Amino acid sequence: MHVHFLDPYRPGSSPIHQLDARVKLILTLAYILTAALTPIGAWPVYILLLAWAVTIEILSELGVGFVLRRAALALPFVLAALPVIFTAPGAALIHLPIGPWMLTITLPGVERFISIALKSWISVQMAIVLAATTSFPDLLTAMRAIKVPRLLVAIFGLMWRYLFVLVDEALRLMRARLSRSGESDRPDLKAGGALIWRAKVAGGMAGSLFLRAIERSDRIYMAMVARGYDGEVRAAPLPRLSRRDWLTLWLCLGLLLALLTSAALF
Amino acid sequence: MLLAPFLSPQPMHIPDGFLSPLVSIILWVFSILVIAYSLKRVNEDLGERQVPLMGVLAAAIFAGQMLNFTVAGGTSGHLMGAAIATILLGPWAAILMMTTVVGVQALIFQDGGLLALGANIFNMGVIGVATSYFVYRSIRRIAGEKSWGVFLGGFLAAWISIVVAALAVALQLALSRTSPANIAIPAMAGIHALIGVGEGLITIGALALIYAARPDLLRSSKQGVTGGNALWVGGLAIALALAIASPLASSHPDGLEWVAEQQGFLNTARGPLYQIIPDYVFPGISNQVAATILAGVFGTLIVFGVALAVAYSRRKRRLGEVRQTQ
């Protein structure tokens, strides 16, 4: 397997790593919901939520820089909200004459844009911490605990098991294509073939990837049947939550609720 | 420059923070209902083979999204996969596979948000699959057993799955008042009409290989019938609704604003809760600026305290290790 670099999980023994995956998943969802419900322009609450995120990042011993670097990758979508600074009605801030048009940046527009960007930024940070401190099998247990159907959890599990195999397969296909086609850094030299031809090659690769996957799933099915699989997905009962986990869960939920209600006061 | 965000490679996955809570939750409910029904149908159709087949094919779709081809000027075409999944395994299995792919992308790779996951499943899984099923079935019915039905159907199914899903993203952003309808809808539709051509061409390429190697997988009697007429009608309805709603919304943004006002009742509902303590101020703190500064100081103190505590405990641990080795 070459692509273990895909797995964002970073083993560790920090308090966040040790926290039960179910508690982490529920708290991450609660945090993101809190950020979503926080009204536009409630700056103090955003600052406290950001402080919360940074605190968790320090406690997780992942390194704040690591999380922030990864969070930046999710930022380009923020530009989708950019037009809102011109269109939200309200007091004009700056007039930008562009050619024959006059673009007006409004104060509520800027507030809305910054709020959306902040919400998105802090939410993605918590999602990164969750993925980096929780192994996938633990996440599957957590999904089972929040009542995701067992069948769907089983499909998730099998997909994760073969994800690396198939990504490897895709990388091999791409390497084969690369080794058979010319490429140049000079911009005036076009990379081989017409557009339709290139698309067809990529399509052929996808097709053969799917065929191989179907055939592989046949073999996996045979192997599962040989080991006694009868179509029923069985799983061990969920382990109990420790007192510390319960305490963390209710304490953090209470804090988030307090933050949300205080959003009105500011 | 306003078009730039819509050109990014994966503008289809909405991150958290961009959808209003109400839009997110409604779409979660829709997605959960469709997933529950799909699980039931797939259980009947595939039986015990379903877990390995769908698990591995979902992984293949994830890996297949990496396969790309250069178009021009640094942009590249790549696969979303809803159409090819629908054609190969039927719509219900395709919905589950896209759910798994989008779910792993959100949970592990932060490609799309967790609260927004319901919306992303709805756009790429439900809408993408339903519309491509509708188009592919219709063309296969017209073409009968002739091979052009497979390829034309595959191309159009792939194209429409991209365009309609993009329209849905734009409408949801507009309803959440994140992106104005009269900019987001034409931009998303225009860009994805082109991206959809790439998806369609790759899908044709994939179908050509499968048609040559395993024609049994594409026989119309084998797959597709599992969808039933209800989904065919559903696909038609979704495609029609978005085709009618989008131009209306983008030419009359006020109409959508009105809907946004109406659906913004969550904000108004929250109003009374907050008015329990009207004009409340902290003693000595009379305005928002002071509150913001206070929050900033408070937040910094927490972070600083935690950092200090962690550093201290680490040092102690390291000293302990040193002592043990001595």
Side-chain angles (χ1 to χ4, degrees), chain A residues 8 29 32-33 36-37 43-44 47-48 51 54-55 58-59 74 76-77 79-81 83-84 87 116 119-120 123-124 127-128 131 139 149 151 154-156 158-159 162-163 166-167 169-170 191 198-200 202-211 213 216-217 220-221 224 231 264-266, chain B residues 2 4-5 8 15-18 21 39 47-49 51-60 62-64 66-67 69-70 77 79 88 96 100 104 107-108 110 113-115 173 178-180 183 198 201-202 204-206 209-210 213-214 274 280 288 291-292 295-296 299 302-303 306-307 310:
Chain A
L29 291 175
I32 294 173
L33 186 65
L37 284 171
W43 310 120
I47 292 175
L48 290 176
V54 176
T55 301
I58 294 170
L59 281 176
F77 201 95
L79 292 173
V84 93
T87 55
I116 290 169
K119 280 177 193 216
S120 158
S123 302
V124 80
I128 288 168
L139 270 181
L151 206 63
I155 298 171
F156 265 96
L158 214 95
M159 183 221 175
Y162 287 97
L163 183 64
L166 284 160
V167 169
E169 195 113 34
R198 287 203 296 273
K200 214 185 135 214
M205 287 157 72
S208 98
L209 187 71
F210 290 137
L211 280 189
R216 191 185 286 277
S217 84
I220 294 165
Y221 172 63
M224 285 165 79
L265 306 183
F266 296 119
Chain B
L2 292 180
S8 66
D16 281 322
F18 286 83
L39 278 170
E48 57 183 46
R49 288 202 45 158
V51 172
L53 187 60
M54 286 193 296
V56 176
L57 260 148
F62 187 101
M66 298 168 58
L67 303 172
F69 66 100
T70 48
L79 203 61
L88 284 179
L96 293 184
T100 316
V104 165
L107 260 176
I108 306 296
Q110 289 80 48
L114 292 176
L115 192 63
L173 289 178
T178 301
S179 217
I183 294 175
L201 290 176
I202 297 187
I204 287 188
L209 189 124
I210 293 167
R214 289 282 302 272
Y274 288 168
Y280 178 89
Q288 201 189 353
T292 309
I302 297 175
V303 170
V306 171
V310 167

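Predicted model, so just to flag it, every value in this text is computed and none were measured. Letters go in sequence order (proteins before strands), and every chain restarts at 1.
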- Task: Find out whether B:Leu67 and B:Ile202 are in side-chain contact, i.e. whether some heavy atom of one side chain is under 4.5 Å from a heavy atom of the other.
- Result: no
- Considering only heavy atoms, which portion of A:Leu211 lies under 4.5 Å from any heavy atom of chain B: side chain, backbone, both, or neither? side chain
- Proximity breakdown for B:Ile108 and chain A, heavy-atom pairs closer than 4.5 Å: both
- Should B:Leu115 and A:Leu29 count as side-chain neighbours, where that means a heavy-atom distance under 4.5 Å? no
- Message: If you count heavy-atom pairs within less than 4.5 Å of chain B, which of A:Ile128, A:Val124, A:Leu139, A:Val54 leads?
- Response: A:Ile128
- Query: Quick one: of A:Ile155, A:Val84, A:Ile47, who has the most non-hydrogen atom pairs under 4.5 Å with chain B?
  - Reply: A:Ile155
- Query: Of the backbone (N, CA, C, O) and the side chain (C-beta and beyond), which part of A:Leu166 lies under 4.5 Å from a heavy atom of chain B, both, or neither?
  - Reply: both
- Considering only heavy atoms from C-beta outward, does the side chain of A:Leu151 approach that of B:Val51 to under 4.5 Å? yes
- Query: Measuring heavy-atom distances to chain B, does A:Met224 have an atom under 4.5 Å in its side chain, in its backbone, in both, or in neither?
  - Reply: side chain
- Query: Of all residues at least two apart in sequence or in a different chain, which pass the side chain to side chain contact (heavy atoms under 4.5 Å, CB included) check with A:Ser217?
  - Reply: B:Arg49, B:Leu53, B:Val56
- Message: Are B:Val303 and A:Ile58 packed together at the side-chain level, in the sense that at least one heavy-atom pair is separated by less than 4.5 angstrom?
- Response: yes
- Measure distances from A:Ile116 to the heavy atoms of chain B and classify the residue's part below 4.5 Å as side chain, backbone, both or neither. both
- Message: I'd like to check the ring pair (Phe, Tyr, Trp, His ring centres under 6.0 Å) partners of B:Phe62; sequence neighbours left out, ordered by chain and number.
- Response: B:Phe109
- Among A:Leu59, A:Leu158, A:Ile220, single out the residue with the greatest number of heavy-atom pairs under 4.5 Å to chain B. A:Leu158
- Out of A:Ala51, A:Ala131, A:Ala199, which one racks up the most heavy-atom pairs below 4.5 Å with chain B? A:Ala199
